[in-house]
Amino acid sequence: MTPCYRRNPVQWKFRGFFSVVLDTQDRKENLGSILPLLERMLQQLDKNTLRRYFSKRRQVKSKKEGEEEKNMKEDRALLLNLLYRKARALAYQETVMSRQTKRL
């Protein structure tokens, strides 16, 4: 089983964009474009495959199974990273909006 993002060539493009745009200093100024990007990346991840894989206990027996486990752990880490970044962006956006409404 190959990792979710390796099956979808569009996600390779997002992975590069992910590191360039989301890790820059001015990302707070670009929340309007970053939040839809995060949402698109989350939609493209095959969460069902990850859920099925990690719902069972597995004993790594062969080299192929070890590679599959490594790839699934990479996908899980990517999913967690995306969810974390989305939550932080939404929280920051909410904070900014509440500050603006207090000023009015």
Side-chain angles (χ1 to χ4, degrees):
M1 193 177 290
T2 58
C4 304
Y5 62 85
R6 291 198 180 135
R7 283 180 286 221
N8 191 340
V10 174
Q11 281 200 295
W12 276 111
K13 182 176 82 171
F14 281 144
R15 276 181 76 84
F17 191 70
F18 181 69
S19 62
V20 172
V21 172
L22 297 181
D23 293 334
T24 61
Q25 293 298 321
D26 60 344
R27 64 183 173 269
K28 291 179 181 178
E29 298 166 3
N30 298 321
L31 285 179
S33 61
I34 289 176
L35 284 170
L37 170 68
L38 288 169
E39 192 60 43
R40 253 180 100 186
M41 291 174 72
L42 283 168
Q43 287 174 356
Q44 289 184 0
L45 264 176
D46 188 3
K47 292 175 271 314
N48 287 329
T49 302
L50 289 170
R51 187 179 307 126
R52 280 193 307 267
Y53 181 82
F54 287 110
S55 67
K56 299 176 185 174
R57 288 189 181 238
R58 300 176 187 271
Q59 295 288 334
V60 178
K61 297 177 183 174
S62 70
K63 189 175 183 178
K64 181 180 177 184
E65 289 172 343
E67 186 67 30
E68 179 183 13
E69 180 181 28
K70 178 183 168 225
N71 292 336
M72 286 295 156
K73 285 183 178 182
E74 285 178 11
D75 284 352
R76 181 177 59 183
L78 177 62
L79 176 63
L80 290 173
N81 193 348
L82 288 171
L83 290 171
Y84 170 75
R85 288 174 185 262
K86 182 178 178 185
R88 286 204 46 193
L90 288 171
Y92 181 77
Q93 189 176 38
E94 185 176 313
T95 304
V96 169
M97 292 181 92
S98 68
R99 286 182 190 161
Q100 289 174 351
T101 56
K102 286 181 183 179
R103 290 181 189 163
L104 297 175

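The figures here come from the full heavy-atom set of this structure, side chains too, leaving out hydrogens, waters and symmetry mates. Bear in mind that the values here come from a model prediction, so they are computed numbers and not experimental data.
With rounding to the nearest 0.5 Å, the separation of CG in Leu79 from CG in Leu83 is 4.5 Å. Rounding to the nearest 0.5 Å gives a distance of 12.0 Å between CZ of Arg40 and CG of Leu38. Distance CG/Leu37 to NZ/Lys86: 11.5 Å, rounded to 0.5 Å. Between Glu39 atom CD and Leu82 atom CG the span is 10.0 Å, to the nearest 0.5 Å. If you take CG on Leu35 and CD on Gln93, they are separated by 5.0 Å, rounding to the nearest 0.5 Å.
Applying the side chain to side chain donor-acceptor pair (under 3.5 Å) rule to Arg57 yields no partners; only residues at least two apart in sequence or on another chain are considered.
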Glu67 vs Lys64, test: side-chain contact (heavy atoms from CB on, under 4.5 Å). Steps then yes/no. CA-CA 5 Å; Glu67 186 67 30; Lys64 181 180 177 184; 5.7 Å; no
Does Arg52 form a side-chain contact (heavy atoms from CB on, under 4.5 Å) with Thr49? I'd like the steps, not just the answer. CA-CA 5 Å; Arg52 280 193 307 267; Thr49 302; 3.6 Å; yes
Stepwise, does the side-chain hydrogen bond (donor to acceptor under 3.5 Å, both in side chains) test hold for Arg88 with Tyr92? CA-CA 6 Å; Arg88 286 204 46 193; Tyr92 181 77; over 6 Å; no
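A salt bridge between Glu69 and Lys73 is present, with a side-chain N of the basic residue lying under 4.0 Å from a carboxylate O of the acidic one.
Nearest approach of Gln59 to Glu65, heavy atoms of both residues: O-OE1, 3.7 Å.
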